**Student:** 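Before we start, here is the structure in question, set down as C-alpha cells.
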Amino acid sequence: MTPVGLLVVGGGPAGHSAARGYREAGGGGEVLLVGAEPHRPYRRPPLTKEYLRGEAGPEALPLEDESWYARHGVTLRLGERVTTLDPRAATAGTEPGHEFAFERCVLATGSRPSGPDGVRLVRTREDSDALRVAGKSVVVVGSGFIGCEAAASLAFTGREVTLVSDEPVPHARRLGGEVGIRVAGWLEEAGVRLRMASPVESLDASGVTLEGGERVAADTVVSALGIEPSVAPARAAGLDLDDGRIACDAAGRTSAPGIFAAGDVARLHHPLAGRRLSVEHWGDALAQGEVAGRAAAGDEDAAWSEVPGFWSTIGGRTLKQAALGDGHDEVRLEEHGDAWTAWLLRDGRCVGVLTHERDEDHERGRDLVAAGARL
C-alpha cells in the first residue's frame, strides 16, 4: 500500500480541523478522512437548537462545501468505521474490510451518548431528524447542556416537555446553584416542566420510572445523561489512556510515534492547568484538531494553550463560559439588570467566568484565567 500523508479517523469538528491544520502547516501527501457517518463534517451545535426547531435545514450544517476538500487534497471516505489500528505497521482497517497505510494519523473518533434501546439520543443529524418528528409529549432525562438545549427547543415547537434530573437545579454540579436557578427560570419560561431532584430508576421508549415507583409517561423519551468516548481503536492499538480517554501532550501526541488525538476522545495536557484536561466543547474540539494537524505536519510550536470554553443557548438565552475546569470554592455573582456574570474563584484567583449578555466580562474573565490573576 502507498501510505497517505495523514489519516484522520473521525468526521467531526476535530477531524475536519486536523485536516485543515495539517494543510495550513504545509503537510504533504494525500489526506484521507474516514468518518463513520454518511455526511461530510458538519456543525453539531444546531442539532439541539435551530435545526431541531426546524429553523435551519441540512444545507446549513456542513463545515465546508465539497469543493473545499478537492482544493485541499482531502479525500473523504464516509460511512466507514475504523476498527483496527497498528501503530508499528502504520496501518488501519475499517469495518467494510478496507486497509490503509499512513505516515501520520489523527484519532478524532469523538464520543457517543448512552441510553437503552428505544430512547432517543442527540448526537448526529439523524438523531435530531428523529426528534423533529417526535410525538406530542416528550421527557428529557438529564439537565446538562444537551438536555437543557433540547428541552427548550422541543417546547418551542409546541410539544409538552418534561425535563427530569437528579440535580436540584439544572447544571448544579457543573455551574453551581445560583446559575442553575436562573437556567431553571429560562426553561420554565420556555414552557418546560421541571422534575428536579428526581433520580431515575429506569427509562424506556414510553417513559421513565422514578425512584419510588412513580411513572412519567411520554410519546418520546430523550436520554441526555452524558457521553462515552469512542476509544475502541485506541485501546486495541495499545495507546496509553488517562481516565478513559487517550493520553496526549499539548500537541495531541499520543504514546505511539506518529499517532495524534483530539476532541472528546482525547485528554490533552494544558500548560495553564499543568495537567491533562477532558473538554467536551465544540470550539475546543476545533482548536485541538488544528493543533494535532499542525503538529502532524511538523509544526514544533503547535500546542493547545487557549482557555477552554463553551456557548450554550437555551431558548432565547445564551450562556458563555471560559474556565479550566479545576473547580472553585467561591462564586461571586454580579447582576446587571437581566444580564449577569458569575465569577468562579479558587483561593481568590479567577479560575472561570460564566456570563449572560456580558461579553465584556467574558473576554476579561478569559484573560484573568489565562493569567492566573485575582479578580
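Everything numeric here is computed off the predicted structure, so don't read it as measured data.
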**Student:** Just by modelled atom types, is the Leu47 backbone N or O under 3.5 Å from a matching donor or acceptor in the Ser128 side chain?
**Tutor:** yes

**Student:** Please determine if Arg53 forms a cation-pi arrangement with Phe156, meaning its NZ or CZ atom is less than 6.0 Å from the six-membered ring centre and no more than 45° off the ring axis.
**Tutor:** yes

**Student:** Can you confirm whether Leu203 sits close enough to Thr209 that some side-chain heavy atom of one is under 4.5 Å from a side-chain heavy atom of the other?
**Tutor:**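 Side chain of Leu203 against side chain of Thr209, heavy atoms only: no contact under 4.5 Å found.
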
**Student:** Answer yes or no: does atom CD of Glu360 have more than 12 heavy-atom neighbours from other residues, nucleotides or ligands under 6.0 Å?
**Tutor:**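 Correct, the count exceeds 12.
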
**Student:** Assess, by modelled atom type and distance only, whether the side chains of Ser114 and Glu228 contain a donor and an acceptor separated by less than 3.5 Å.
**Tutor:** no

**Student:** Quick one: side chains of residues 170-183, donor-acceptor pairs under 3.5 Å with protein atoms, not counting sequence neighbours, listed by atom name and distance.
**Tutor:**
from	atom 1	to	atom 2	distance (Å)
Arg173	NH2	Asp166	OD1	3.2
Arg182	NH1	Glu178	O	3.0
Arg182	NH2	Glu335	OE1	3.2

**Student:** Could you please spell out the steps behind the salt bridge (charged side-chain N to carboxylate O under 4.0 Å, His left out) verdict for Asp240 and Arg235?
**Tutor:** CA-CA 8 Å; Asp240 289 350; Arg235 193 184 300 275; over 6 Å; no

**Student:** Hey, what do you get for NE2 (His356) to NE2 (His362), rounding to the nearest 0.5 Å?
**Tutor:** 14.0 Å

**Student:** Side chains of Asp361 and Thr355: is there a donor and an acceptor less than 3.5 Å apart?
**Tutor:** no

**Student:** For Glu24 and His72, run side-chain hydrogen bond (donor to acceptor under 3.5 Å, both in side chains): C-alpha distance rounded to whole Å, both residues' side-chain angles, the deciding distance at 0.1 Å, then the answer.
**Tutor:** CA-CA 9 Å; Glu24 289 179 348; His72 291 83; over 6 Å; no

**Student:** Would you check, one step at a time, whether the test side-chain contact (heavy atoms from CB on, under 4.5 Å) holds for Ser143 with Met196?
**Tutor:** CA-CA 9 Å; Ser143 55; Met196 308 307 298; 4.1 Å; yes

**Student:** Do the side chain of Thr157 and the main chain of Leu154 share a donor and acceptor less than 3.5 angstrom apart?
**Tutor:**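 Answer holds: yes.
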
**Student:** Are the aromatic ring centres of Trp340 and His336 under 6.0 angstrom apart?
**Tutor:** no

**Student:** Val138 vs Glu160, test: side-chain contact (heavy atoms from CB on, under 4.5 Å). Steps then yes/no.
**Tutor:** CA-CA 6 Å; Val138 181; Glu160 299 170 359; over 6 Å; no

**Student:** Assess whether a salt bridge exists between Glu330 and Arg346, defined as any Lys/Arg side-chain N lying under 4.0 Å from an Asp/Glu carboxylate O.
**Tutor:**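 No, Glu330 and Arg346 are not salt-bridged.
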
**Student:** So does Glu334 pair up with Arg332, basic N to acidic O under 4.0 Å?
**Tutor:**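 Salt bridge flag = no for Arg332 with Glu334.
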
**Student:** Here's one to test your reading of the geometry: is the NZ or CZ of Arg132 within 45 degrees of the ring axis of Tyr51 and under 6.0 Å from its centre?
**Tutor:** yes

**Student:** So does Arg267 pair up with Asp242, basic N to acidic O under 4.0 Å?
**Tutor:** yes

**Student:** Hey, is Arg358 close enough to Asp338 for a salt bridge, meaning N to O under 4.0 Å?
**Tutor:** no

**Student:** Are His270 and Arg276 side-chain neighbours, meaning at least one heavy-atom pair lies under 4.5 Å?
**Tutor:** no

**Student:** Before giving the answer on side-chain contact (heavy atoms from CB on, under 4.5 Å), spell out for Leu354 and Trp343 the whole-Å C-alpha distance, their side-chain angles and the decisive distance to 0.1 Å.
**Tutor:** CA-CA 7 Å; Leu354 184 73; Trp343 300 98; over 6 Å; no

**Student:** Between Asp65 and Trp68 (side chain of the first, backbone of the second, donor and acceptor by atom type, cut-off under 3.5 Å), is there such a pair?
**Tutor:**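 Answer holds: yes.
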
**Student:** When you measure from the side chain of Thr91 to the backbone N and O of Phe100, does any donor-acceptor pair fall under 3.5 Å?
**Tutor:** no

**Student:** Do Ser230 and Arg112 have a side chain donor and acceptor closer than 3.5 Å?
**Tutor:** no

**Student:** Keeping Arg77 on the side-chain end and Gly35 on the backbone end, is there a donor-acceptor pair under 3.5 Å?
**Tutor:** no

**Student:** Does Arg123 have more than 12 heavy atoms from other residues, nucleotides or ligands lying within 6.0 Å of its CZ?
**Tutor:** yes

**Student:** In Å and rounded to the nearest 0.5 Å, what is the CD to CG distance from Glu306 to Leu272?
**Tutor:**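 Interatomic distance, Glu306 CD to Leu272 CG, rounded to 0.5 Å: 10.5 Å.
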
**Student:** Check for a donor-acceptor pair, side chain of Glu211 on one end and backbone N or O of Glu201 on the other, with a separation under 3.5 Å.
**Tutor:**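 Not at all, since once roles are kept as given, no pair shorter than 3.5 Å links the two residues.
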
**Student:** Starting at SG of Cys105, measure out to CG of Asp86 and round the result to the nearest 0.5 Å.
**Tutor:** 11.5 Å

**Student:** What I'd like to find out is whether the side chain of Leu210 reaches to under 4.5 Å of the side chain of Val164, using heavy atoms alone.
**Tutor:**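 SC-SC contact between Leu210 and Val164 confirmed.
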
**Student:** NE2 of His16 to CG of Leu286: how many Å apart, nearest 0.5 Å?
**Tutor:**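 Separation between the atoms: 8.0 Å.
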
**Student:** Is it true that a side-chain atom of Asp204 and a backbone atom of Pro116 form a donor plus acceptor pair closer than 3.5 Å?
**Tutor:** no

**Student:** Are the side chain of Ser17 and the backbone N or O of Glu290 linked by a donor-acceptor pair below 3.5 Å?
**Tutor:** yes

**Student:** Checking Tyr42 against Glu37: is there a side-chain donor and acceptor pair closer than 3.5 Å?
**Tutor:**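 Checked: Glu37/Tyr42 side chains pair up, N/O donor to acceptor below 3.5 Å.
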
**Student:** Between the side chains of Glu357 and Arg317, is the shortest nitrogen-to-carboxylate-oxygen separation below 4.0 Å, so that they form an ion pair?
**Tutor:**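 Not counted as a salt bridge, because no side-chain N and carboxylate O are separated by less than 4.0 Å.
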
**Student:** Under 3.5 Å, side chain of Arg374 to main-chain N/O of Asp347, donor-acceptor pair present?
**Tutor:**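 Between the backbone of Asp347 and the side chain of Arg374 there is a qualifying donor-acceptor contact (under 3.5 Å).
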
**Student:** Can you tell if the side chain of Leu345 reaches within under 4.5 Å of the side chain of Leu375, non-hydrogen atoms only?
**Tutor:** yes

**Student:** Without hydrogens or angle criteria, can the side chains of Arg195 and Thr162 be said to hold a donor-acceptor pair below 3.5 Å?
**Tutor:** no

**Student:** With a 4.5 Å cut-off on side-chain heavy atoms, are Phe145 and Phe310 touching?
**Tutor:** yes

**Student:** Are the side chains of Thr75 and Val31 in touch, meaning some heavy atoms are under 4.5 Å apart?
**Tutor:**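 The answer is no; the side chains never approach within 4.5 Å.
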
**Student:** Check this for me, if you would: do Asp359 and Lys320 make a salt bridge, where the nitrogen-to-carboxylate-oxygen distance has to be below 4.0 angstrom?
**Tutor:** yes

**Student:** Find out whether Ser111 and Val265 are in side-chain contact, i.e. whether some heavy atom of one side chain is under 4.5 Å from a heavy atom of the other.
**Tutor:**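 With C-beta onward as the side chain, the pair stays apart.
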
**Student:** Is a salt bridge present between Asp329 and Arg349, judged by a nitrogen-to-oxygen distance below 4.0 Å?
**Tutor:**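 Answer for the salt bridge query: no.
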
**Student:** Nearest 0.5 Å please: distance from the NZ atom of Lys49 over to the OG atom of Ser312.
**Tutor:** 6.0 Å

**Student:** Should Thr313 and Glu149 be marked as a side-chain hydrogen bond (donor to acceptor under 3.5 Å, both in side chains) after you check the CA-CA gap, both sets of side-chain angles, and the distance that decides it?
**Tutor:** CA-CA 6 Å; Thr313 301; Glu149 291 174 359; over 6 Å; no

**Student:** Counting heavy atoms not belonging to Arg120, are there more than 12 under 6.0 Å from its CZ?
**Tutor:**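 No, CZ of Arg120 has 12 or fewer neighbouring heavy atoms, counting only those of other groups under 6.0 Å.
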
**Student:** Verify, without hydrogens or angle tests, whether Arg159 (side chain) and Gly135 (backbone) share a donor-acceptor contact under 3.5 angstrom.
**Tutor:** yes

**Student:** For the atom pair CD1 (Ile259) and CZ (Arg104), what is the distance rounded to the nearest 0.5 Å?
**Tutor:** 9.0 Å

**Student:** Is there side-chain contact between Val353 and Thr341, with heavy atoms separated by less than 4.5 Å?
**Tutor:**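 When only atoms from C-beta onward are counted, Thr341 and Val353 do touch, with a gap below 4.5 Å.
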
**Student:** Salt bridge check: are Glu64 and Arg20 linked by an N-O gap of less than 4.0 Å?
**Tutor:**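 Counted as a salt bridge, because a side-chain N and a carboxylate O are separated by less than 4.0 Å.
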
